[in-house]
S.K.: 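Just passing along the structure, written as structure tokens.
Computed over heavy atoms, backbone and side chain alike; hydrogens, waters and symmetry mates excluded. Computed from a predicted structure; not experimentally measured.
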Number of protein chains: 4
Amino acid sequence: MASGTRDVEVDGAGGSARQHHGNRHGRSEQARLAVLEAADDLLAEKGFAGVTMEGIAGRAGVAKQTIYRWWSTKTDVLLDAFLQDAAEDLTPPDSGDLAHDLRDYLRRLAHFLAESDSGAVFRALIAQAQHDPAFAVDFRARWLDPQRRRDHLSLERAVHSGRLPADLDIATETDQLVGPLYYRVLVTADPVDHAFTDRLVETFLRRHPSSTPEAS
Amino acid sequence: MASGTRDVEVDGAGGSARQHHGNRHGRSEQARLAVLEAADDLLAEKGFAGVTMEGIAGRAGVAKQTIYRWWSTKTDVLLDAFLQDAAEDLTPPDSGDLAHDLRDYLRRLAHFLAESDSGAVFRALIAQAQHDPAFAVDFRARWLDPQRRRDHLSLERAVHSGRLPADLDIATETDQLVGPLYYRVLVTADPVDHAFTDRLVETFLRRHPSSTPEAS
Amino acid sequence: MASGTRDVEVDGAGGSARQHHGNRHGRSEQARLAVLEAADDLLAEKGFAGVTMEGIAGRAGVAKQTIYRWWSTKTDVLLDAFLQDAAEDLTPPDSGDLAHDLRDYLRRLAHFLAESDSGAVFRALIAQAQHDPAFAVDFRARWLDPQRRRDHLSLERAVHSGRLPADLDIATETDQLVGPLYYRVLVTADPVDHAFTDRLVETFLRRHPSSTPEAS
Amino acid sequence: MASGTRDVEVDGAGGSARQHHGNRHGRSEQARLAVLEAADDLLAEKGFAGVTMEGIAGRAGVAKQTIYRWWSTKTDVLLDAFLQDAAEDLTPPDSGDLAHDLRDYLRRLAHFLAESDSGAVFRALIAQAQHDPAFAVDFRARWLDPQRRRDHLSLERAVHSGRLPADLDIATETDQLVGPLYYRVLVTADPVDHAFTDRLVETFLRRHPSSTPEAS
DNA sequence: CAGTAATCGAGACGGTACGTCTGGTCTTCGG
DNA sequence: CCGAAGACCAGACGTACCGTCTCGATTACTG
């Protein structure tokens with residue numbers, strides 16, 4: 001499952017990226033990247049149904065067997081491609097101002113889910129997770145769980161610094177913050193603009209007045 | 001698209017259940033039901049990928065062409081089947097007690113989404129809607145929009161009766177109530193128990209204290 | 001196995017060759033012919049190894065599944081194509097003059113085996129029969145046995161008319177007439193010219209002087 | 001092509017069977033033998049189609065590259081294996097009695113072709129020669145030509161000793177002796193028993209009465 | 001007695017074809 | 001005209017081998 005993990009540590013000293021096309025020291029980095037990029041491109045161009053193992057192989061200039069050697073399904077390829085791309089910052093800021101941090105984070109999350117290229121891949125993968133429980137497990141372990149940990153960060157910091165009560169149910173609170181966002185993206189297709197995300201934050205803050213010292 | 005509409009009125013009064021297998025007077029109700037049931041069964045037994053036009057035809061004892069004549073895709077069949085089954089009550093109660101009504105409704109919605117057979121079909125369909133924009137439009141028109149109208153009912157009533165302010169942003173408020181629920185069902189797969197749904201309601205009520213006169 | 005048999009009797013009355021592309025009344029004659037021709041062409045152009053199911057399908061403008069529906073292997077296709085083509089005259093003449101008839105027949109057989117297009121297919125098939133016992137059985141039943149019956153005809157007639165003894169071992173005698181011919185074609189690749197085939201006949205006649213009345 | 005020629009002289013006297021797995025001077029005899037044996041075994045077990053380069057490599061415990069280094073095709077491997085095994089005596093006896101020698105030789109040839117293990121390989125190779133002209137040339141040079149020289153020996157001796165006329169067309173006469181035999185083995189699959197081979201010899205002798213002085 | 005050159009097992013690589021499966025379309029017949 | 005039947009073209013599926021390649025280890029000649 002965790003197929004895409006790079007187990008090739010090339011080039012000890014000073015290494016230029018020596019390219020090997022398949023030898024006893026493992027897989028071809030070149031082929032790996034070509035596959036991931038081809039899969040991404042196909043999803044963008046033709047949608048999920050347009051992503052086929054054969055199509056990926058053809059576009060990547062790679063043999064089908066090479067794909068099957070390292071990935072089990074096309075969804076597995078897409079997950080790898082997604083993880084590689086989505087390494088971009090979805091980490092919440094830490095300005096010290098909880099309100100600001102939450103607003104900023106939710107806006108970025110909304111943009112990621114609804115408008116970015118990676119978001120399109122995300123929606124395809126979360127859809128696939130509904131159909132395929134095994135993939136769902138994998139997807140949650142490799143993306144959703146880490147992402148939820150990032151979601152929790154701002155509140156955790158605020159609890160630590162005493163601005164929020166120690167007994168705060170962080171999981172549920174976070175679900176109330178991000179849930180409506182996912183709901184709009186996945187279900188209603190309503191726009192998720194700043195007004196909406198800011199409103200979610202405002203609702204949260206009103207619920208926990210202690211967190212906004214200036215509210216006194 | 002809106003293919004499954006029944007244009008055959010089966011046997012008014014006194015009629016013996018004439019079964020026609022294909023005659024010059026309209027489609028076979030028998031075939032229609034067999035197809036919908038077969039699709040449902042296949043989804044339950046083998047999951048979404050196990051539902052194929054060929055499989056449905058075989059199990060329903062119906063020719064493929066008959067299916068294609070009335071539905072465009074397997075998702076379209078499933079949508080019809082879903083609408084037929086999910087006619088069960090997801091209408092919010094109207095006891096006069098907003099808190100109670102919301103609690104009750106969210107519990108029933110949670111059960112529907114996460115545990116019922118129809119919920120499984122729903123998840124498959126919402127997944128397909130991510131992949132197929134045309135289907136998404138159809139699905140929203142035929143299920144999601146009516147469902148959202150049901151979602152709004154309790155709050156609308158409360159606004160009408162003056163227990164909630166007239167300028168309440170019902171859409172956003174509702175998204176905050178049901179969004180976390182969909183999020184758990186579709187994304188995190190966390191359980192959606194009564195504690196969670198009640199908490200969502202409680203949060204809403206705290207945000208609008210006027211609605212609970214007895215809270216004084 | 002006997003896959004290529006035409007089981008389609010089209011057109012009751014007065015029929016113009018109505019062409020159907022697949023309906024409940026059996027296979028498409030058009031597809032059948034296209035497949036056989038494509039297989040023949042490929043063998044001629046690229047040799048046995050160049051005949052592939054995929055290649056046949058592509059050239060014939062036919063789906064692979066259609067080929068597999070009616071033939072089990074590429075060899076099976078080639079056998080059908082061969083039988084269709086090789087219906088040409090390999091029937092021994094009946095001039096009343098045994099010597100002349102044998103000479104004529106062996107010359108024609110030699111030409112068929114060594115030089116004709118059909119002969120090339122024959123050599124490919126007899127080769128395949130060495131590798132594949134099941135095909136060998138089929139090939140013998142559908143071509144070799146009928147062919148051997150034709151081989152026997154001249155001698156049988158001569159026995160009937162009393163020019164050859166009634167207890168003649170026709171099978172063995174025939175093997176001695178045609179065996180060396182096949183041997184040269186399949187094994188040594190030596191030329192099989194008239195001098196050679198005439199010599200075989202002469203040898204036979206010398207062995208049975210009674211058959212040549214003028215030899216008295 | 002003539003790839004399998006042994007250019008390694010294995011261990012003269014006194015040598016312990018030193019095994020080298022690759023060194024600068026010459027190939028591994030061990031690998032060579034393992035390959036030939038694996039090829040033979042596979043042919044016996046799974047038939048010609050079951051012999052693959054990959055299968056040979058796997059069973060012989062040898063890298064594919066090692067096979068390709070010394071042989072060009074799987075048929076080439078089989079030819080080598082065949083030549084190594086078929087070194088058994090197909091040399092005609094020289095008892096002084098032509099009739100006896102021919103009878104004995106044809107019986108042994110028949111047994112070789114139709115019943116021995118080597119005969120099975122021979123049939124596979126002659127089949128391959130039909131498909132592959134380049135291999136046909138190689139096969140003829142390395143086996144068939146020497147074999148035909150052996151076929152000619154008895155008659156040549158008889159000509160030399162004057163028991164057969166000096167102008168005897170040995171090639172054609174031999175083809176008449178062995179041709180029917182190959183015909184039965186390769187084409188008709190009829191049994192080639194002693195009755196049949198003796199009959200061929202008898203026919204020959206009757207044609208050349210001078211060769212059997214005692215026949216007076 | 002190091003350096004070098006050839007072979008070895010291993011196995012990844014780009015390909016081609018395999019035989020199977022499903023998707024949609026089309027054509028015919030009986031009711 | 002509808003429904004059953006099923007052949008048709010199309011094309012993706014996942015597998016098996018092909019023949020090429022690159023690698024580290026091994027070994028025996030060379031300088």
Side-chain angles (χ1 to χ4, degrees), chain A residues 18-28 30-31 49 51-58 60-70 72-74, chain B residues 20-28 30-31 49 51-55 57 60-70 72-74, chain C residues 8 18-28 30-31 49 51-55 57-58 60-70 72-74, chain D residues 18-28 30-31 49 51-58 60-70 72-74:
Chain A
R18 240 179 339 170
Q19 66 186 44
H20 38 218
H21 273 288
N23 51 37
R24 76 182 308 180
H25 304 296
R27 66 197 287 193
S28 159
Q30 191 171 298
V51 182
T52 64
M53 288 304 228
E54 223 142 56
I56 296 172
V62 143
K64 274 202 297 179
Q65 187 57 47
T66 298
I67 306 184
Y68 282 108
R69 196 167 5 243
W70 303 109
S72 55
T73 62
K74 73 171 182 176
Chain B
H20 37 220
H21 268 290
N23 53 33
R24 62 194 320 175
H25 306 293
R27 71 193 285 192
S28 158
Q30 190 172 300
V51 183
T52 65
M53 288 303 226
E54 226 135 55
V62 142
K64 274 202 302 179
Q65 185 57 39
T66 301
I67 306 184
Y68 281 108
R69 192 154 18 231
W70 302 107
S72 56
T73 62
K74 73 170 181 176
Chain C
V8 180
R18 247 175 334 167
Q19 65 186 45
H20 38 219
H21 272 287
N23 53 36
R24 79 185 303 183
H25 303 295
R27 67 196 287 190
S28 158
Q30 191 172 300
V51 182
T52 64
M53 287 304 227
E54 224 141 55
V62 143
K64 275 202 298 180
Q65 187 57 48
T66 299
I67 306 184
Y68 282 107
R69 186 155 28 229
W70 302 108
S72 55
T73 61
K74 73 170 182 175
Chain D
R18 248 170 336 167
Q19 63 184 51
H20 40 218
H21 270 289
N23 55 37
R24 133 177 243 183
H25 302 289
R27 66 196 286 190
S28 159
Q30 189 172 302
V51 182
T52 64
M53 288 304 228
E54 225 138 52
I56 296 172
V62 143
K64 275 203 299 179
Q65 186 58 43
T66 300
I67 306 184
Y68 281 108
R69 197 165 4 239
W70 303 106
S72 56
T73 61
K74 75 169 179 175

S.K.: Which nucleotide sits closest to the side chain of C:Lys64: F:dA7, E:dC8, F:dA12?
M.R.: F:dA12

S.K.: Taking the side chain of C:Met53 as its heavy atoms from C-beta onward, which of E:dC18, E:dG14, F:dC13 lies nearest to it?
M.R.: E:dC18

S.K.: Looking at F:dC18, F:dT22, E:dC18, which one has an atom nearest to any side-chain atom of D:Gln65?
M.R.: F:dT22

S.K.: Return the nearest nucleotide to the side chain of B:Arg69; candidates are F:dG3, F:dC13, E:dG15.
M.R.: F:dG3

S.K.: Of all the choices, E:dC8, E:dC13, E:dG23, which nucleotide is nearest to the side chain of D:Ser28 once you look at every atom?
M.R.: E:dC8

S.K.: Looking at every non-hydrogen atom in both residues, tell me the closest pair between D:Ala63 and D:Ala57 and how far apart they are.
M.R.: C-CB, 4.3 Å

S.K.: Does D:Ala31 or C:Ala49 map to a spot on DNA chain E nearer the 5' end, using the closest nucleotide for each?
M.R.: D:Ala31

S.K.: Measure across C:Met53 and C:Lys74 and return the closest heavy-atom pair with its distance rounded to 0.1 Å.
M.R.: CE-N, 3.7 Å

S.K.: Measure from CD1 on B:Ile67 to C1' on E:dT22 and round the result to the nearest Å.
M.R.: 13 Å

S.K.: F:dG14, E:dC18, F:dA4: which one has an atom nearest the side-chain heavy atoms of A:Tyr68?
M.R.: F:dG14

S.K.: Return the CD to CD1 distance between D:Glu54 and D:Ile56, rounded to the nearest 0.5 Å.
M.R.: 10.5 Å

S.K.: Could you tell me how far apart D:Lys74 (NZ) and F:dC17 (P) are, to the nearest whole angstrom?
M.R.: 10 Å

S.K.: In Å, rounded to the nearest 0.5 Å, how long is the span from CD of B:Gln65 to CD1 of B:Ile67?
M.R.: 10.0 Å

S.K.: Can you check whether D:Thr66 has a side-chain N or O nearer than 4.0 Å to OP1 or OP2 of E:dG9?
M.R.: yes

S.K.: Assign each of D:Ala63 and B:Thr73 to its nearest nucleotide of DNA chain E by heavy atoms, then name whichever residue's nucleotide is nearer the 5' end.
M.R.: D:Ala63

S.K.: On DNA chain F, nearest-nucleotide positions of D:Thr52 versus A:Gly55: which is more 5'?
M.R.: A:Gly55

S.K.: Look at all strands and tell whether C:Gly61 reaches a base, only sugar-phosphate, or nothing, counting heavy atoms closer than 4.0 Å.
M.R.: sugar-phosphate

S.K.: I want to check one thing: is the phosphate of F:dC8, taken as OP1 and OP2, less than 4.0 Å away from some side-chain N or O of C:Trp70?
M.R.: yes

S.K.: Select one nucleotide: of F:dA5, F:dC17, F:dC13, the one nearest the side-chain heavy atoms of A:Glu54.
M.R.: F:dC13

